[in-house]
**Q** 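Before I ask anything, let me first share the structure, which is written out below as structure tokens.
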Amino acid sequence: MQVYMDNNATTMVDPQVVEAMVPFFSEQYGNPNSIHKFGTKSHPAIAKAIDQLYAGINAADADDIIFTSCATESNNWVLQSVWQDLIVNGDKNHIVTTEIEHPSVLSTCHFLEEKGVKVTYLPVNEQGIVEAHTVKSFITDKTALVSVMWANNETGMIFPIKEIGDICKEKGVLFHSDAVQAVGKIPVDVQDVHIDLLSMSAHKFHGPKGIGALYIKDSQELTPLMHGGEQMNGRRSGTLNVPFIVGMGKAVELATTDLEKTMASIAAKRDRLEDALLETLSDTFTVGDRDNRTPNTILISIRGVEGEGMLWDLNNGDIGASTGSACASEDLEANSVMMAIGADNELAHTGIR
Ligand code: 7TS
């Protein structure tokens, strides 16, 4: 039997999602921007998917949700447009983020630093989260953007997004959250928290790979990253990927319906596994309090057992796990999130997600 335990890297596409997508490959394949019926026939399905996404995060009518090719694009778009709009064409020069963001945020910040932008990478506490008062203490009148993930992909730890949003609102600073590991796993309500921009990715909640979205509060202006045929009201050019859009809509609907029930059932399994591991193995610990973690995540450390080696053994036993981000798991560096929470070098090589 094969056991797949790497759902933070990606998930299986739900059969109901596949079923919803199929007609848009082979029957309703027209370009939705075309005048003819082959194209316009897909308009209701696109509208439905957009409605499903609005419902999934409780967006308001005045807000915008724009499809992108992935969350990496959504994150790049936010950072590069804020740089263009508020730093190059404005009087700001500073971005606040955390030291444990996904590389799509961190690498873009490094790129912007080369362009002269000042970036503060906030430290995390021993729980692996950034505290709201830390965010507050680094915001200056030159800060253009605060970008803090909703939940971390390696630890599953959930950040105090509501408090950080309130601080950004009070300070008049744009607030972006990479919610890739939160949407479909824990409640995400953009009317309950003050949030300007939010990145999502379908393949993390049983939708297809290669489609993401950016939520934009009050449809505020943002210089496009993709220029071209003026699709999506000119905000993101490129022929709409109708099957994937339909798939993302269906997936978010499935993932957010009865979410509390799903969370409880996944957390129960997670807790059983975690308890068994902690009881059976000595010199073992898991990162972060369970009640502030996404219900599907454990980052476990066994002192003296090197994570990558363990992954190969697990792989030989048909168990798929990860030492952290798959994007970075081929290099044998210490787990940067474990280093950030204060693990020594040896321990930081032992983490298994
Ligand atoms: N943001 C977070 C928090 C992520 O976890 C990932 C993918 C992305 C952005 C990128 O999303 P994409 O739509 O561009 O693929 N994270 C991981 C991971 O943890 N292991 O493999 C991929």
Side-chain angles (χ1 to χ4, degrees), residues 4-13 17 53 57 65-80 97-110 121-122 124 128-130 147-159 161 176-186 188 195 197-215 225-226 236 238 241 244-245 247-248 251-252 255 287-288 293-294 296-300 307-308 311 320-331 333 335-338 340 351-353:
Y4 182 72
M5 307 197 78
D6 204 11
N7 285 287
N8 281 8
T10 198
T11 58
M12 185 188 90
V13 181
V17 170
L53 270 172
I57 59 169
I65 294 181
I66 303 294
F67 291 107
T68 60
S69 63
C70 56
T72 297
E73 182 189 326
S74 304
N75 288 341
N76 268 266
W77 182 14
V78 168
L79 289 158
Q80 298 201 39
T97 186
T98 80
E99 55 183 3
I100 62 167
E101 296 297 311
H102 184 266
S104 54
V105 169
L106 290 179
S107 299
T108 312
C109 285
H110 297 152
Y121 301 92
L122 298 173
V124 293
I129 56 167
V130 166
S147 178
V148 175
M149 65 199 333
W150 201 301
N152 182 263
N153 45 315
E154 305 202 17
T155 62
M157 292 304 290
I158 300 165
F159 285 69
I161 292 301
H176 165 244
S177 184
D178 174 348
V180 163
Q181 297 290 346
V183 173
K185 290 180 182 161
I186 54 171
V188 170
I195 195 139
L197 302 154
L198 181 129
S199 303
M200 298 170 262
S201 183
H203 73 99
K204 306 291 184 175
F205 47 80
H206 302 281
K209 295 165 192 53
I211 182 141
L214 183 68
Y215 158 83
L225 186 65
M226 307 284 271
R236 199 278 183 184
N241 188 341
F244 285 31
I245 287 172
M248 186 170 191
V252 82
V287 176
R293 233 196 278 157
T294 49
N296 69 321
T297 309
I298 306 172
L299 180 61
I300 187 159
E308 282 89 358
L311 280 192
S322 162
T323 50
S325 189
C327 332
S329 67
E330 274 171 27
D331 51 49
E333 285 173 18
N335 182 313
S336 54
V337 173
M338 297 217 25
I352 297 174
R353 177 178 76 175

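First listed ligand is number 1; within each ligand, the first listed atom is number 1.
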**Q** As an exercise, identify every atom of ligand 1 less than 4.0 angstrom from a heavy atom of Q181.
**A**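 Answer for ligand 1: 3 (C), 4 (C), 5 (O).
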**Q** Any atoms of ligand 1 less than 4.0 Å from a non-hydrogen atom of S201? List them with their elements.
**A**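 Counting atoms of ligand 1 from 1, those under 4.0 Å from S201 are 12 (P), 13 (O).
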**Q** So if I count the atoms of ligand 1 from 1 in the order they appear, which ones are less than 4.0 Å from some heavy atom of M149?
**A**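 What qualifies from ligand 1 is 3 (C).
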**Q** Measure from the side-chain N and O atoms of H206 to the backbone N and O of M12, and report whether any donor-acceptor pair falls under 3.5 Å.
**A**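 At least one qualifying donor-acceptor pair exists.
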**Q** Check ligand 1 against H203 and write out every atom of the ligand that is under 4.0 Å from a heavy-atom position of the residue.
**A**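 What qualifies from ligand 1 is 12 (P), 13 (O), 15 (O).
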**Q** With E101, which residues qualify under side-chain hydrogen bond (donor to acceptor under 3.5 Å, both in side chains), at least two apart?
**A**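 Partners of E101 by the side-chain hydrogen bond (donor to acceptor under 3.5 Å, both in side chains) criterion, ordered by chain and then number, come out as T98.
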**Q** Measuring from non-hydrogen atoms of R353 to any atom of ligand 1, is the shortest distance under 4.0 Å?
**A**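 Yes; R353 lies near enough to ligand 1 that a heavy-atom distance drops under 4.0 Å.
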**Q** Which atoms of ligand 1 have any heavy atom of N8 under 4.0 Å away?
**A**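 Answer for ligand 1: 17 (C), 18 (C), 19 (O).
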**Q** Any idea which atoms of ligand 1 are less than 4.0 Å away from a heavy-atom of N153?
**A**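 Within the 4.0 Å cut-off of N153, ligand 1 contributes 5 (O), 18 (C), 19 (O).
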**Q** Say whether, by atom type as modelled, one donor and one acceptor occur between the side chain of N75 and the main chain of V105 under 3.5 angstrom.
**A**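 No; judged by distance alone, with no hydrogens or angles, the pair does not exist.
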**Q** Assess, by modelled atom type and distance only, whether the side chains of D178 and S199 contain a donor and an acceptor separated by less than 3.5 Å.
**A**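 No.
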**Q** Is it true that the side chains of N8 and S322 contain a donor and an acceptor less than 3.5 Å apart?
**A**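 The criterion, which ignores hydrogens and geometry beyond distance, is not satisfied for S322 and N8.
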**Q** Out of all atoms in ligand 1, which are within 4.0 Å of some heavy atom of S104? Include the element for each.
**A**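 The atoms of ligand 1 under 4.0 Å from a heavy atom of S104 are 9 (C).
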**Q** Report the C-alpha separation of Y121 and L106 in whole Å, then their side-chain angles, then the decisive distance to 0.1 Å, and conclude whether the side chain to side chain contact (heavy atoms under 4.5 Å, CB included) test is met.
**A** CA-CA 9 Å; Y121 301 92; L106 290 179; 3.8 Å; yes
**Q** Check each atom of ligand 1 against the heavy atoms of C70 and keep those under 4.0 Å away; list them by number with element.
**A**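 Taking each heavy atom of C70 in turn, ligand 1 has 12 (P), 13 (O), 14 (O) under 4.0 Å.
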**Q** Any heavy atom of K204 sitting closer than 4.0 Å to ligand 1?
**A**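 It does, in that a heavy atom of K204 comes within the 4.0 Å cut-off of ligand 1.
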**Q** For residues 69-80, which residue pairs qualify under salt bridge (charged side-chain N to carboxylate O under 4.0 Å, His left out), counting only residues two or more places apart or in two chains?
**A**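 Of all non-adjacent pairs touching residues 69-80, those that pass salt bridge (charged side-chain N to carboxylate O under 4.0 Å, His left out) are E73-R236.
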